[in-house]
Amino acid sequence: MIKVRFAPSPTGHLHIGGARTAIFNWLFARHHSGRFVLRIEDTDKTRSTEESIQEIIEAMKWLGLDWDEGPYRQTERFDIYKKEAERLIAEGKAYYCWCTPEELEAIREESKGKFGIPKYDGRCRSRREPREGVNPVIRFKARTEGETVFKDLIKGEIRYPNSQLDDFIIMRSDGTPTYNFVVVVDDALMGITHVIRGDDHLNNTPKQIQLYEALGYDVPQFAHVPMILGPDKTKLSKRHGAVSVLAYREEGYLPEALFNFLVRLGWSHGDKEIFSKEELIELFDLKDVGKSPAVFNPDKLLWLNHHYIKTYPVEKLAELLKEFLVKEGIVDTSAELDPEWLKEVVIAFRERAKTLKEMAHQCEFLFKAPEKYDEKGTKKFFKPETAIYLEAIAEEIENTSEFTKEAIDKIFNNVLERFNIKLKAVAQPVRIAITGRTVSPGLHEILLLVGKEEAAKRIRRAAQYIKNL
RNA sequence: GUCCCCGUCGUCUAGCCCGGUCCAGGACACCGGCCUUUCACGCCGGUAACGGGGGUUCAAAUCCCCCCGGGGACACCA
């Protein structure tokens, strides 16, 4: 039975990079009918927060990443780590270290000169006597000769010289365990078979392998996925803009789009770009994950989002649009919107809105008549004679018994014929009259959505406006 | 500095393992055109890449070596 885990540290938002790691793990588990566990790595008590944990969980749910076990929290497992650390000491594989920060600093400096790398010299390996006023840490007796070789499922064979290692700390002086230690203990005890994580952990792997061996555990398989970079090719971070998953929800992205986008960052299947979750579960394989880092490309995400908007179930889009209308302050919380009408709105706008937020703003004129008309549009399309045409159209609208697409065609044809003009002469003026802008969905759509009364009213008002120019 | 990883269009990538079918394919973006009452959608077309240098070979994006470039890790963070 294959078992994987996603182990975020709750020190902030769930960001894009973490989400992709979670997706890869989830896909791998689902593909192999294995188990996916969520584990919160909160051993750093000072930086971990409860809000962050809740946010990570919410973001995962939004993305549709369900887990089979957990969330475990490492803070609830401290007794386990302590026991394992003591076991290592009893077996002579770890030891107490009473060095002071000042002493350590001096050792590091000396080592930097000697090895070009700050390393602890292991002087407490032989020290037996506690030091007064110093709470000891526990250090692991690392093997520093030879090299650690392992096969990474993505990167291939990795050879790492052990000379880079030193006796690293596994238990802090306050009695809490450190990352490299807990990750090994947990992965082993939880029966994790494949460790799929960001390749910023590649250099930690040799230390962890030594720990697995010292503790007598089986070493799992490793798969290090390349990082996601910002446009400047450095590790993606807050300064590159929105990196938190939930921020994308707020901006009006669909979870399916983000999911699809993220999975294609580093993984591919021939020329295919659009994948459903079912397809991904079917097709996902670590061997198709690339080795090189990927730059986050917001334009492509936008394109994907638009694709999903265009193909999403209309009812669901309508519901989401409603949320955004409220959130963007376009309609009142208490406003009751006819679901059927809202569906028509979605249909009219989905091919020109790349996000839900955009859509909400594009259809704003449906809820409030334009307060002013687009300046350039007014200059270009509001001619003196336009007022007469508009009035004629308004009158025809008022007099029509039923307001349908066909009726609208008839109305326009009547007016065009009467004045012997082309549709061009009135199309943009009507659009501006209804929306205040020069761009919008088709005339039929906006007229129908605004409704007969309101349409006539707005067109008359525009006519009046032209007369006053 | 030391070590690890990576290097195909601006970006995401296919191809690399098993050299020729690749004067390198797809997608986003961009630029044209068509459609059209605007915008958009859609459709058609275009610009654009094997980091450099040496080998090996009849033949290299693909194999080997060196260099260069980029990223990451080197904490009582994870």
Side-chain angles (χ1 to χ4, degrees), chain A residues 7-11 41-44 46-48 74 97 99 101 104 108 111-113 115-120 135-139 152 154-156 158-161 163-166 168-180 182-183 197-207 224 226-227 229 231 233-235 261 264-274 287-288 290-304 306 310 349-354 362 377 381 412 422-432 435 437-444 446:
Chain A
S9 67
T11 53
E41 311 236 315
D42 56 353
T43 56
D44 183 355
T46 56
R47 301 202 309 150
S48 301
Q74 294 182 323
C97 167
C99 291
L104 254 20
R108 265 199 284 269
S111 158
K112 247 192 246 177
F115 307 101
I117 173 182
K119 283 171 56 162
Y120 179 64
N135 286 322
V137 299
I138 298 178
R139 285 183 187 272
D152 188 275
I154 291 170
K155 305 272 188 184
I158 307 289
R159 312 183 76 91
Y160 185 93
S163 57
Q164 292 289 309
L165 268 26
D166 69 352
F168 55 93
I169 294 171
I170 58 174
M171 292 294 271
R172 302 186 183 97
S173 53
D174 66 359
T176 61
T178 60
Y179 167 74
N180 279 119
V182 285
V183 83
R197 74 227 305 191
D199 74 5
D200 46 341
H201 287 294
L202 204 50
N203 291 295
N204 285 144
T205 310
K207 288 183 193 176
H224 287 94
M227 315 244 68
L229 274 26
K233 310 247 183 158
T234 62
K235 195 176 176 178
F261 173 74
R264 277 287 288 100
L265 238 41
W267 176 87
S268 63
H269 184 77
D271 287 342
K272 204 166 154 60
E273 294 285 351
I274 310 289
K287 79 168 169 37
D288 296 316
K291 299 175 172 191
S292 52
V295 172
F296 182 83
N297 178 193
D299 279 332
K300 190 157 186 180
L301 171 57
L302 213 45
W303 168 75
L304 263 171
H306 194 197
K310 282 183 291 185
F349 285 91
R350 63 182 170 184
E351 66 208 22
R352 64 205 86 220
K354 294 189 173 186
Q362 284 176 2
F381 301 109
F412 274 87
K422 295 264 203 259
L423 182 58
K424 265 202 157 43
V426 289
Q428 282 301 74
V430 168
R431 171 167 287 110
I432 296 171
T435 69
R437 311 175 197 181
T438 55
V439 304
S440 83
L443 247 27
H444 292 116
I446 60 174

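Order of the sequence lines fixes the chain letters, A, B, ..., with proteins taken first and strands second; residue numbering starts at 1 for each chain. Everything quoted here is computed from the prediction, not taken from an experiment.
- Look at CH2 on Trp303(A): it is 12 Å from P on C41(B), rounded to the nearest Å.
- Both distances falling under 3.5 Å, in either a Watson-Crick or a G-U wobble arrangement, occur for no nucleotide opposite C22(B).
- For C43(B), the paired nucleotide is G33(B), the pair qualifying as Watson-Crick or G-U wobble because both relevant distances are below 3.5 Å.
- At U2(B), none of the side-chain N or O atoms of Lys119(A) fall inside 4.0 Å of OP1 or OP2 (strictly under the cut-off).
- U36(B) and A29(B) are spaced 24 Å apart, taking the C1' atom of each and rounding to whole Å.
- A gap of 22 Å separates the C1' atoms of G19(B) and U13(B), to the nearest Å.
- Distances were taken from every side-chain heavy atom of Tyr179(A) (C-beta onward) to each of A78(B), C76(B), C4(B); the shortest belongs to A78(B).
- Taking atom P on both nucleotides, C65(B) is separated from G7(B) by 15 Å, rounded to a whole Å.
- Minimum atom distance to the side chain of Arg431(A) is reached by U37(B), of the listed A78(B), U37(B), G26(B).
- Counting all heavy atoms, side chain and backbone alike, Arg431(A) lies closest to Arg437(A) at CG-O, 3.4 Å.
- Asn180(A) places none of its side-chain heavy atoms less than 4.5 Å from the side chain of Ile169(A).
- Close to U11(B), at under 4.0 Å from its OP1 or OP2, lies a side-chain N or O of Lys233(A).
- Between the CG atom of Asp299(A) and the C1' atom of U11(B) there is a distance of 9 Å, rounded to whole Å.
- Between the side chains of Thr176(A) and Asp174(A), at least one donor N or O sits under 3.5 Å from an acceptor N or O.
- Nucleotides C39(B) and G45(B), compared at atom C1', are 22 Å apart to the nearest Å.
- A side chain to side chain donor-acceptor pair (under 3.5 Å) with Tyr179(A) holds for exactly one of Gln74(A), Glu41(A), His201(A); it is His201(A).
- Look at the C1' atom in both A48(B) and G25(B): the space between them is 14 Å, to the nearest Å.
- Residue contacts shown for Thr438(A) include a base, since a base heavy atom lies under 4.0 Å away.
- Across the C1' atoms, U2(B) and G51(B) are found 25 Å apart, a figure rounded to whole Å.
- Within the nucleic acid shown, Gly442(A) comes within 4.0 Å of at least one base atom, counting heavy atoms only.
- Distance check on atom C1': A61(B) versus U21(B) gives 15 Å, rounded to whole Å.
- When heavy atoms are screened at a 4.0 angstrom cut-off, His224(A) is found touching no nucleic acid atom at all.
- Ring to ring, His444(A) and Phe412(A) are not that close: their centroids are 6.0 angstrom or more apart.
- Rounded to a whole Å, the CG atom of Asp271(A) is 12 Å from the P atom of C28(B).
- With C6(B), A78(B), A75(B) as the candidates, the nucleotide lying closest to the side chain of Arg108(A) is A75(B).
- Relative to the side chain of Val295(A), the nucleotides U11(B), G72(B), A29(B) differ in distance, and U11(B) lies closest.
- Nearest to the side-chain atoms of Asn203(A) among the listed nucleotides C3(B), C6(B), A14(B) stands C3(B).
- The partner of A61(B) cannot be assigned: no Watson-Crick or G-U wobble pair with both contacts below 3.5 Å exists in any strand.
- Protein atom NZ of Lys291(A) is 10 Å distant from nucleotide atom C1' of C17(B), rounded to whole Å.
- The side chain of Leu265(A) has C12(B) as its nearest neighbour among C76(B), A73(B), C12(B).
- Nearest nucleotide to the side chain of Val137(A), out of C41(B), C76(B), C12(B): C76(B).
- Listed candidates were C12(B), C5(B), G1(B). Nearest to the side chain of Ile117(A) is G1(B).
- Proximity note for Ser9(A) (side chain, C-beta onward) versus C12(B), C39(B), A78(B): the nearest is A78(B).
- Pairing for G69(B) goes to C6(B), judged as Watson-Crick or G-U wobble with the two contacts each under 3.5 Å.
- Within 4.0 Å of Leu202(A), counting heavy atoms only, lie sugar-phosphate atoms of the nucleic acid but no base atom.
- As judged by a 4.0 angstrom heavy-atom cut-off over every strand, Arg437(A) is placed among residues making no nucleic acid contact.
- Comparing the P positions of U37(B) and C30(B) gives a spacing of 25 Å, expressed to the nearest Å.
- Taking only side-chain atoms of Tyr160(A), from C-beta outward, the nucleotide of A27(B), C4(B), A78(B) with the closest atom is C4(B).
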